[in-house]
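Have a look at the structure below before the remarks.
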Amino acid sequence: LSFKNKKQRLNHMNENNIKPKIELDINGYIYNYKLFESLKSLQKTQSIRKTSEKLNLSHSALDRKIKNAENKLGFKLVKNNYGSGSTLTKEGLNLIKIYNQYQIRLKESNKINIAGGHIVSGLLESISNDIPFDISVFSSDDESAFELGKRNLIDILALDDPLIGFQNNLDFTAIGYDYLTLVSNNKSSPIKTIEDLNGKNFVSVKGSAQRLVWDTLKQKNVEFNIKKEVKSQFDAFKIVKNNSDLYTFLNASYFHGNDILKVETNHIISLIQVNDNKKENKEFIDYMLNKGQNKIFEQGFKPIKPWKIN
């Protein structure tokens with residue numbers, strides 16, 4: 001897999017004539033931009049006939065396109081108001097809203113658009129006002145951010161855990177270290193050794209570096225149970241703090257806890273350049289690897305280049 005922009009292979013063409021179009025994957029079905037543009041036009045004209053004329057489609061073809069989409073989606077997109085035209089349903093309007101949000105993201109922007117895991121994106125948001133770059137950060141789990149990267153909807157992918165980078169042979173740049181700390185309820189049984197974790201129940205966080213914990217426990221023949229999986233470390237923290245029978249391992253840069261697996265869970269946070277056509281992207285990554293190391297240290301992470309710390 002490569003994030004190289006496909007435009008690079010089209011150098012013989014006029015790039016002004018190349019425009020991206022959006023398609024949405026909803027429950028396994030792909031809906032292309034023509035459906036959404038049809039609905040947007042219908043929203044303005046409130047007439048199937050006028051919309052079909054505007055789009056150079058027959059009335060029956062447009063009606064069939066909409067009904068096919070409705071059958072797959074399982075809800076109505078258009079409401080026929082007999083005698084007063086057609087309007088979009090609440091669900092139809094919401095679908096257009098989502099489509100418009102993605103359209104905004106596609107537009108060329110001077111901002112560096114970054115999507116990544118909750119931990120590294122939190123770091124970047126925290127320092128965004130103190131760096132010489134205009135960045136826009138979308139916080140998610142690593143896998144969801146990776147999907148945005150594959151569709152070239154972002155400039156830089158930021159990973160809490162390098163696993164996706166290794167699995168897909170991506171050229172990632174490590175900018176700092178973090179480790180996982182054991183978090184529990186104040187009334188939970190105290191944990192002094194790894195063996196004390198035997199039989200304990202855990203909350204796992206999708207896309208985090210917790211794989212290092214589970215692998216370590218398996219190697220030590222420590223039995224454990226994963227009772228719940230969540231997408232955010234902050235959700236895991238709230239759940240565990242309200243239940244004395246549950247434990248979790250969270251990033252030490254954000255949470256205080258028991259450092260029993262500090263060495264075993266040490267891992268990097270990293271950045272991957274998705275869009276090679278915006279020079280600011282490489283400049284930003286270089287900044288984070290050099291002058292930005294001080295800011296990474298201030299946010300509780302261990303810098304990759306400690307000699308850069310003032």
Side-chain angles (χ1 to χ4, degrees), residues 5-7 13-111 113-116 118 121 125 134-141 143-155 206-207 229-232 234-235 274-275:
N5 195 307
K6 294 176 183 177
K7 288 184 181 180
M13 292 186 178
N14 184 346
E15 290 198 4
N16 291 327
N17 295 327
I18 302 175
K19 296 180 180 180
K21 298 292 185 182
I22 293 174
E23 62 180 25
L24 296 183
D25 183 338
I26 306 174
N27 296 327
Y29 291 102
I30 302 297
Y31 303 86
N32 71 18
Y33 73 96
K34 293 181 180 179
L35 170 66
F36 305 110
E37 292 300 330
S38 298
L39 294 177
K40 288 177 69 174
S41 177
L42 182 59
Q43 184 181 14
K44 293 179 180 178
T45 66
Q46 296 191 358
S47 166
I48 293 287
R49 179 182 61 79
K50 290 180 180 178
T51 296
S52 60
E53 290 175 355
K54 184 176 180 181
L55 300 176
N56 290 321
L57 291 173
S58 67
H59 185 289
S60 59
L62 178 59
D63 191 56
R64 187 165 56 251
K65 180 198 294 285
I66 293 172
K67 281 184 166 50
N68 285 341
E70 289 176 334
N71 290 334
K72 292 177 181 177
L73 290 166
F75 53 77
K76 300 288 287 183
L77 296 171
V78 177
K79 178 171 61 176
N80 294 315
N81 304 310
Y82 297 102
S84 58
S86 302
T87 55
L88 297 186
T89 62
K90 180 181 178 181
E91 291 81 5
L93 290 170
N94 186 53
L95 200 58
I96 291 302
K97 179 181 178 181
I98 295 171
Y99 174 73
N100 287 336
Q101 289 173 343
Y102 278 104
Q103 269 199 318
I104 292 171
R105 293 185 189 182
L106 267 184
K107 291 181 179 179
E108 289 296 332
S109 169
N110 291 327
K111 284 190 174 183
N113 295 307
I114 304 171
H118 296 289
S121 61
E125 286 175 348
D134 191 5
I135 65 174
S136 180
V137 183
F138 302 94
S139 183
S140 181
D141 58 88
E143 290 182 11
S144 298
F146 177 58
E147 289 301 316
L148 291 178
K150 286 199 294 186
R151 298 186 183 196
N152 287 320
L153 294 177
I154 56 176
D155 295 313
K206 182 180 178 182
E229 182 182 68
V230 295
K231 289 187 175 182
S232 164
F234 303 102
D235 289 339
V274 177
N275 180 3

Next item on the list: May I have the step-by-step check of side chain to side chain contact (heavy atoms under 4.5 Å, CB included) for T87 and V78, ending in yes or no?
Entry: CA-CA 6 Å; T87 55; V78 177; over 6 Å; no
Item checked: Pair V274-N152, side chain to side chain contact (heavy atoms under 4.5 Å, CB included): steps then yes or no -> CA-CA 7 Å; V274 177; N152 287 320; 3.8 Å; yes
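For CZ of F75, the number of neighbouring non-hydrogen atoms (other residues, nucleotides, ligands) closer than 6.0 Å is greater than 12. Residue K231 qualifies as open at atom NZ: its count of foreign heavy atoms under 6.0 Å is 12 or below. Atom CG of N27 is surrounded by 12 or fewer heavy atoms from other residues, nucleotides or ligands within 6.0 Å.
Summarising the geometry, atom CD1 belonging to I66 is positioned 12.0 Å from atom CG belonging to L73; distances are rounded to the nearest 0.5 Å. Atoms NE2 and CZ, from H59 and R49 in turn, are 8.5 Å apart once rounded to the nearest 0.5 Å. Summarising the geometry, atom NZ belonging to K65 is positioned 10.0 Å from atom OG belonging to S58; distances are rounded to the nearest 0.5 Å. Rounding to the nearest 0.5 Å places CD of E23 at 11.0 Å from OH of Y99. Separating the CD1 atom in I48 from the CG atom in D63 is a distance of 6.0 Å, to the nearest 0.5 Å. The line from CG of L148 to CG of L153 is 5.5 Å long, rounded to the nearest 0.5 Å.
Between T45 and S47, the side chains place no donor N or O within less than 3.5 Å of an acceptor N or O (distance only, hydrogens not considered).
Nearest heavy atoms, A69 versus L35: CB-CD2, 3.8 Å. When all heavy atoms are compared, the tightest approach of A145 to I154 is O-CD1, 3.9 Å. The two residues N80 and S86 make their nearest non-hydrogen contact at OD1-OG, 3.0 Å. Taking each heavy atom of S139 and S121 in turn, the nearest pair found is OG-OG, 3.0 Å. Closest of all the heavy-atom pairs between L95 and I26 is CD1-CD1, 3.7 Å. The two residues S38 and T51 come nearest to each other via the heavy atoms O-CG2, 3.7 Å.
For the pair T89 and E70, the minimum side-chain heavy-atom distance is 4.5 Å or more. Contact of the L24 side chain with the F36 side chain is registered, since non-hydrogen atoms from C-beta on lie closer than 4.5 Å.
With hydrogens and angles ignored, the 3.5 Å screen pairs no side-chain donor or acceptor of D155 with any backbone N or O of I114. Counting only distance, with no hydrogens or angles, the side chain of S41 and the backbone of E37 share no donor-acceptor pair below 3.5 Å. Side-chain N or O atoms of N94 include none that pairs as donor or acceptor with a backbone N or O of K90 at under 3.5 Å.
A salt bridge is absent between E53 and K50; no separation between the charged side-chain nitrogens and carboxylate oxygens falls under 4.0 Å.
Using bins of under 30°, 30° to 60° and over 60° for the plane-to-plane angle, the ring pair H118/F234 lands in the perpendicular bin.
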